[in-house]
Amino acid sequence: MAFEADEYLLESDAAKTLYAEIESLPVVDPHSHADLSEIVENDGWDDIWEVEGATDHYVWSMMRKRGVPERKITGDASNKEKWMALAEVFPELAGNPTYEWIQLDLRRRFGIEKPLSAETGEEIWEETKARLSEQSMKPQSLLDDLDVEVLCTTDDPTSDLADHKTAEDAVDGIDTRPTWRVDRALKIDQPSWREFVDELEAATGTDTASLSGYLSALEDTHDHFAEHGCRACDLSLEEVVTRPVGEQRAEEVYDAALAGENLSRAEIVDFQAFLLEEIGRLNREKDWVTQLHIGAVRDYRDELYETVGADAGGDVSTQSIELADNLRYFLNEFDGDMEIILYTVDPTHYPTLTTLSRAFPSVSVGPAWWFNDSPYGMDEQLRQMGSVDLLANHAGMVSDSRKLISYGSRFEMFRRVLANVLGEMVEQRRMPMDHAKQLATHLAYDRPRSLYEF
């Protein structure tokens, strides 16, 4: 049986009908890690490793698991050596979504149907290299071919958003928007926090020697992002704790951190809770969506972090975080005043998230994130969401990716899983086809557009 025939992930006639309904809808991506300068400059890529492996820690992790040395992953080996190392172990990646994404990319974008392996790696290298020299495979043409309508980047508050200014004129047909990624502002316990304080002062010209100056400078960046079409704030913490904290307490912690004092856990949590509420107020004023990414334990593998650095594939998830009590204050404080999207890494948290979203009309569950971004993970999450809350209130799909070609494979995978879940419900006589078609179109396209007010 061939891989990725038209029936890929579609287990019923109803699923096939539904997928045909949504297959060609434009892509709306509210959350990516795309490099906008790559799109603006539009130089393209020299080889398939640059396209598929150079920035993808999913690929790196799978290669390490099959014994590929780091030199041929993130090291000084040539791109061809790295591609051939991937090709050699690629059949052993079957069952992981990384395998399917790459196969989808090769088939859909390059017309290559033969599976990647040690025997085909060289041939695929040459075929893709020839194609990548064509104008049709430059970043802007690729995004046009993929029908990407909205692309949101992830940007530090200190960014001047120069590429976004350029993109307004240089990139036709794609609505590119920044996202205010404010993690560093809250991580007062990290060595990089002091660097952020200095960078924030330099970026805004506002004295950050006091908490009031710090808050004013953050608000300046918030205004700057709004001027460039930002529609969302993004925040990732291992555990989000919300509770009322007075400004005097937060100021004491801020001053202690600037003085280089060691902070207690209570001080760290109090500062983060205070600042999160301040951020929520800014977002409410501008009607932004607040996205909370919860539960990722960053840089867990020490040796990898020390030799390769952050975002290299050494992160893990944890079940040991509290959600209901920790989020209660924030969700009630902004109840009905602001759209809030909750993402979690550990799938055992979905039952709690779906009950939270059920209780608050302005709270949504985000797409299956990170380790759950697979046919199995998306299927499981959609079924949980539909059985407890409403599928219609699911936030839709995001790429969460650093590589542009992912807009094809990742969104196709989501749409096929969505069609299959809804198709099964049609086959079970749980809903008529007309309602299933409406729901499929809503989640694949209309929901993210309306939720973020693009």
Side-chain angles (χ1 to χ4, degrees), residues 29-41 55 57 150-168 176-209 211 213-238 240 254 257-258 268 271-272 274-276 278-283 286 288-294 296 298-299 305 309-312 315 341 343 369-370 398-404 452:
D29 186 10
H31 177 71
S32 84
H33 297 276
D35 180 358
L36 191 57
S37 64
E38 181 179 55
I39 300 169
V40 169
E41 292 164 8
T55 63
H57 59 77
V150 180
L151 183 159
C152 295
T153 58
T154 301
D155 308 272
D156 192 88
T158 62
S159 171
D160 63 5
L161 302 180
D163 287 322
H164 282 273
K165 298 173 189 175
T166 304
E168 292 174 10
T176 58
R177 295 172 182 258
T179 301
W180 199 59
R181 180 66 180 256
V182 74
D183 298 17
R184 288 207 297 159
L186 285 92
K187 294 183 178 178
I188 196 168
D189 56 324
Q190 300 296 315
S192 60
W193 179 78
R194 183 55 191 265
E195 296 173 12
F196 174 77
V197 174
D198 294 339
E199 291 171 20
L200 184 64
E201 180 172 311
T204 62
T206 300
D207 186 356
T208 55
L211 177 63
Y214 186 67
L215 296 177
S216 179
L218 281 174
E219 185 172 2
D220 287 346
T221 69
H222 200 271
D223 292 340
H224 181 61
F225 273 60
E227 290 168 4
H228 289 84
C230 182
R231 292 296 311 135
C233 161
D234 196 35
L235 170 64
S236 177
L237 287 175
E238 182 175 327
V240 175
Y254 185 86
L258 280 186
I268 294 166
F271 180 80
Q272 291 177 342
F274 170 82
L275 190 53
L276 179 57
E278 292 297 308
I279 289 167
R281 288 172 182 161
L282 293 177
N283 293 345
K286 292 189 176 67
W288 283 8
V289 176
T290 299
Q291 302 178 114
L292 300 179
H293 287 77
I294 306 169
R298 309 281 179 173
D299 307 315
Y305 177 70
D311 302 320
D315 305 328
I341 301 179
Y343 299 75
W369 178 39
W370 206 334
V398 302
S399 75
D400 193 31
S401 180
R402 288 172 171 78
K403 60 187 189 186
L404 299 186
Y452 291 83

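In this text the structure is predicted, and so the values were computed from the model without any measurement. Values reported hereafter were calculated over all heavy atoms of this structure, with side chains retained and with hydrogens, waters and symmetry mates removed.
- A salt bridge does not link K165 to D163: none of the charged nitrogens lies less than 4.0 Å from a carboxylate oxygen.
- Considering every non-hydrogen atom in both V40 and A167, the closest pair reads CG2-CB, 4.0 Å.
- Between Y254 and F274 there is no side-chain heavy-atom pair separated by less than 4.5 Å.
- Tested against T158 for a side chain to side chain contact (heavy atoms under 4.5 Å, CB included), the candidates E199, E195, E201 yield a single pass: E199.
- The backbone N or O of L186 lies less than 3.5 Å from a partner atom in the side chain of Q272, making a donor-acceptor pair.
- Annotation: the span from E219 atom CD to I279 atom CD1 amounts to 12.0 Å, rounded to 0.5 Å.
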Show your reasoning for whether side chain to side chain donor-acceptor pair (under 3.5 Å) applies to D311 and H33. CA-CA 11 Å; D311 302 320; H33 297 276; over 6 Å; no
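- Residue A310 comes nearest to D299 through the heavy atom pair CA-OD1, 3.5 Å, listed as atom of the first residue, atom of the second, then distance.
- Taking the side chain as every heavy atom from C-beta outward, T206 and Y214 never approach each other to under 4.5 Å.
- Minimum interatomic distance between A34 and L151 (heavy atoms only, all atoms of both residues): CB-CD2, 4.2 Å.
- In terms of modelled atom types and a separation under 3.5 Å, the side chain of T221 and the main chain of L218 share a donor-acceptor contact.
- Between the H224 side chain and the D160 main chain, a donor and an acceptor come within less than 3.5 Å of each other.
- Within the 3.5 Å criterion, the main-chain N or O of S32 finds a donor-acceptor partner in the side chain of T154.
- There is a side-chain donor-acceptor pair under 3.5 Å between H222 and N283.
- Atom SG of C152 and atom NE2 of H31 lie 10.0 Å apart (nearest 0.5 Å).
- Scanning both residues, H164 and T176, for their nearest heavy atoms gives ND1-O, 3.9 Å.
- Note: D234 CG to T153 OG1 = 11.0 Å, rounded to the nearest 0.5 Å.
- A salt bridge does not link R402 with D35: none of the charged nitrogens is closer than 4.0 Å to a carboxylate oxygen.
- Nearest approach of F271 to L211, heavy atoms of both residues: CE1-CD1, 4.1 Å.
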Go through the steps to decide whether Q291 and Y452 satisfy the test side chain to side chain donor-acceptor pair (under 3.5 Å), and finish with yes or no. CA-CA 11 Å; Q291 302 178 114; Y452 291 83; 2.6 Å; yes
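- Contact of the I188 side chain with the L275 side chain is not registered, since no non-hydrogen atoms from C-beta on lie closer than 4.5 Å.
- For Y305 (side chain) and A312 (main-chain N/O), no donor-acceptor pair under 3.5 Å exists by modelled atom type.
- Put simply, the side chain of R184 never gets that close to the backbone of W193: no donor and acceptor are under 3.5 Å apart.
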Might you work through the side chain to side chain donor-acceptor pair (under 3.5 Å) test for D400 and W369, ending with a clear yes or no? CA-CA 8 Å; D400 193 31; W369 178 39; 3.3 Å; yes
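- T179 places no side-chain N or O within 3.5 Å of a backbone atom of A232 that could act as its donor or acceptor partner.
- Side chain of R177 to backbone of C230: no donor-acceptor contact under 3.5 angstrom is found.
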CA sep, side-chain torsions, deciding dist, call: L276, E278, side-chain contact (heavy atoms from CB on, under 4.5 Å): CA-CA 5 Å; L276 179 57; E278 292 297 308; over 6 Å; no
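- Aromatic ring orientation, Y343 versus H293: parallel (interplanar angle below 30°, classes split at 30° and 60°).
- Closest approach of S236 to D183, counting heavy atoms only: N-OD1, 2.9 Å.
- Residues I341 and T290 are not in side-chain contact: their nearest non-hydrogen atoms beyond the backbone lie 4.5 Å or more apart.
- Salt-bridge formation is not detected for the pair D155/R181: no Lys NZ or Arg NE/NH1/NH2 atom is positioned less than 4.0 Å from an Asp or Glu carboxylate oxygen.
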Evaluate C233 against V289 for side-chain contact (heavy atoms from CB on, under 4.5 Å), listing each step before the verdict. CA-CA 6 Å; C233 161; V289 176; over 6 Å; no
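- Without hydrogens or angle criteria, W180 side chain to F225 main chain gives no donor-acceptor distance under 3.5 Å.
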